[in-house]
Amino acid sequence: MTTTTATTDNVIALDSVRRPRLQQLSLWTQPDAGDDLATRLATAPGLVRPGAALWDDARTPIHPLSMESAYADPQLLRDLGARGARFARELGADVVVGAETAGVPLAASIALAAGLPFAFVRKPGYRGHEVDEPPVRGADVAGKRVLFVDDAVSSGSSVERFTGSLVNEGADVIGVFVLVDMREVADSVSSVAAALPTESVASYFEVLDLATAHGLLDATVHQLTVDALVNHWTNDDPRWAQLAQAA
């Protein structure tokens with residue numbers, strides 16, 4: 001489990017804040033098996049896809065994640081909901097709100113486990129069949145303490161847009177719960193996402209470590225990919241050829 005709490009002064013940039021911390025990380029170490037839920041998430045069939053794709057259309061590779069695969073197993077989805085419900089109770093949430101669409105199943109599971117009202121927030125800019133269709137469906141969020149739920153957070157741009165819609169409806173967004181926190185591989189994080197208390201089941205690198213430890217990812221490809229992400233290989237770095245051969 002990973003929990004972060006920040007202030008609005010913590011607008012995070014890799015060059016100034018995150019990179020020194022990331023460079024201290026082992027490129028691949030045997031992960032702590034103590035968090036069974038993180039292991040079950042990382043090894044859910046289809047969640048971690050083998051191989052290396054591209055990050056934001058740049059050359060830097062990244063192992064893609066199919067977060068919806070975590071929802072296929074009812075037992076896992078129930079236990080993910082229980083983890084989120086604990087965070088909701090710690091924050092004193094009144095309503096659990098999922099982001100359309102990937103956050104909806106998780107938010108519903110959390111709401112059921114916590115015994116709290118459920119709602120979902122439409123993608124910003126959504127236009128439905130009704131004139132002036134409300135952006136939030138389900139429980140009323142006006143004047144309520146809201147836990148916002150999504151599958152992942154990286155740069156925080158989605159968190160900022162979705163929570164902006166909730167605030168416009170009168171909600172007090174008090175925290176964020178996600179499956180995977182990917183802010184460690186983002187170049188920067190929005191001030192809104194940096195300020196909100198955030199809990200995840202695992203970080204992105206933790207998911208990759210666990211997937212590699214359980215044979216779902218090739219260890220050499222994983223090591224080179226994480227090295228490229230952490231250290232931002234230049235275009236003429238000879239290790240690109242190694243990565244292509246290993247993949």
Side-chain angles (χ1 to χ4, degrees), residues 1-6 12 14 18 22 31 35 37-49 52-58 60-73 76-77 79-81 83-84 87-88 96-110 120-124 146-166 173 175-190 192-211 216-217 222 225-226 229-230:
M1 175 183 69
T2 303
T3 306
T4 60
T5 305
I12 305 169
L14 275 175
R18 288 192 178 272
L22 288 174
D35 192 342
L37 189 59
T39 300
R40 291 166 60 200
L41 173 66
T43 58
L47 188 133
V48 179
R49 289 177 281 166
L54 300 180
W55 177 252
D56 290 342
D57 297 321
T60 304
I62 193 167
H63 291 295
L65 303 181
S66 296
M67 301 294 188
E68 64 276 7
S69 297
Y71 306 145
D73 179 350
L76 177 56
L77 180 57
D79 293 344
L80 292 168
R83 174 68 63 82
F87 188 52
V96 180
V97 178
E100 185 187 34
T101 55
V104 171
L106 181 58
S109 181
I110 292 171
F120 72 92
V121 57
R122 296 282 194 183
K123 292 179 180 179
V146 166
L147 175 65
F148 173 72
V149 178
D150 206 352
D151 60 342
V153 57
S154 53
S155 68
S157 59
S158 292
V159 169
E160 185 168 2
R161 292 195 298 270
F162 278 118
T163 58
S165 295
L166 289 168
V173 181
V176 177
F177 185 84
V178 295
L179 295 178
V180 181
D181 190 339
M182 302 180 67
R183 291 177 294 179
E184 60 195 349
V185 295
D187 287 336
S188 63
V189 176
S190 76
V192 172
L196 285 168
T198 300
E199 179 165 304
S200 65
V201 177
S203 72
Y204 177 69
F205 284 141
E206 287 169 345
V207 168
L208 297 190
D209 284 350
L210 288 164
L216 300 178
L217 289 177
H222 174 214
T225 298
V226 173
L229 279 168
V230 171

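Hydrogens, waters and symmetry mates play no part in the numbers below; they use all other heavy atoms, side chains included.
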Which heavy atom of [X] sits nearest to which heavy atom of [Y], and what is that distance?
X	Y	value
A88	L147	CB-CD2, 3.7 Å
F205	L229	CE2-CD1, 4.2 Å
A42	L210	CB-CB, 3.7 Å
F87	E199	CD1-OE1, 3.4 Å
A70	L179	CB-CD1, 4.0 Å
S203	S200	N-OG, 4.3 Å

Do [X] and [Y] have side-chain heavy atoms sitting under 4.5 Å apart?
X	Y	value
F177	L106	yes
V180	V201	no
I110	R83	no

Ionic contact status for E100 with K123, cut-off 4.0 Å: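 No, no charged N to carboxylate O under 4.0 Å.
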Among V48, D73, L65, L47, find the residue that satisfies the side chain to side chain contact (heavy atoms under 4.5 Å, CB included) test when tested with L41.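 Answer to the side chain to side chain contact (heavy atoms under 4.5 Å, CB included) test with L41 among V48, D73, L65, L47: L47.
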By side chain to side chain donor-acceptor pair (under 3.5 Å), which residues pair with [X], not counting sequence neighbours?
X	result
S69	none
D79	R40
S155	S157
S66	R49

Residues which pass side chain to side chain contact (heavy atoms under 4.5 Å, CB included) with [X], listed by chain and number, not counting sequence neighbours:
X	result
S109	L77
V173	F148, T163, L166, V167, L196
A152	M67, M182

Ignoring hydrogens and angles, tell me if any N or O in the side chain of Y204 forms a donor-acceptor pair with the backbone of S154 under 3.5 Å.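 Not at all, since once roles are kept as given, no pair shorter than 3.5 Å links the two residues.
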Pair H63-V207, side-chain contact (heavy atoms from CB on, under 4.5 Å): steps then yes or no: CA-CA 10 Å; H63 291 295; V207 168; over 6 Å; no
Rounded to the nearest 0.5 Å, what separation is found between the CG atom of L80 and the OH atom of Y71?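 Reported value, rounded in 0.5 Å steps: 8.0 Å.
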For the NE2 atom of H222 and the CG atom of L217, what is their distance to the nearest 0.5 Å?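 Going from NE2 on H222 over to CG on L217, the span is 6.5 Å.
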Passes side-chain contact (heavy atoms from CB on, under 4.5 Å), V97 versus F162? Steps please. CA-CA 10 Å; V97 178; F162 278 118; over 6 Å; no
With side-chain contact (heavy atoms from CB on, under 4.5 Å) as the criterion, how do V178 and V176 come out once you've worked through the C-alpha distance, each side chain's angles and the decisive distance to 0.1 Å? CA-CA 7 Å; V178 295; V176 177; 3.9 Å; yes
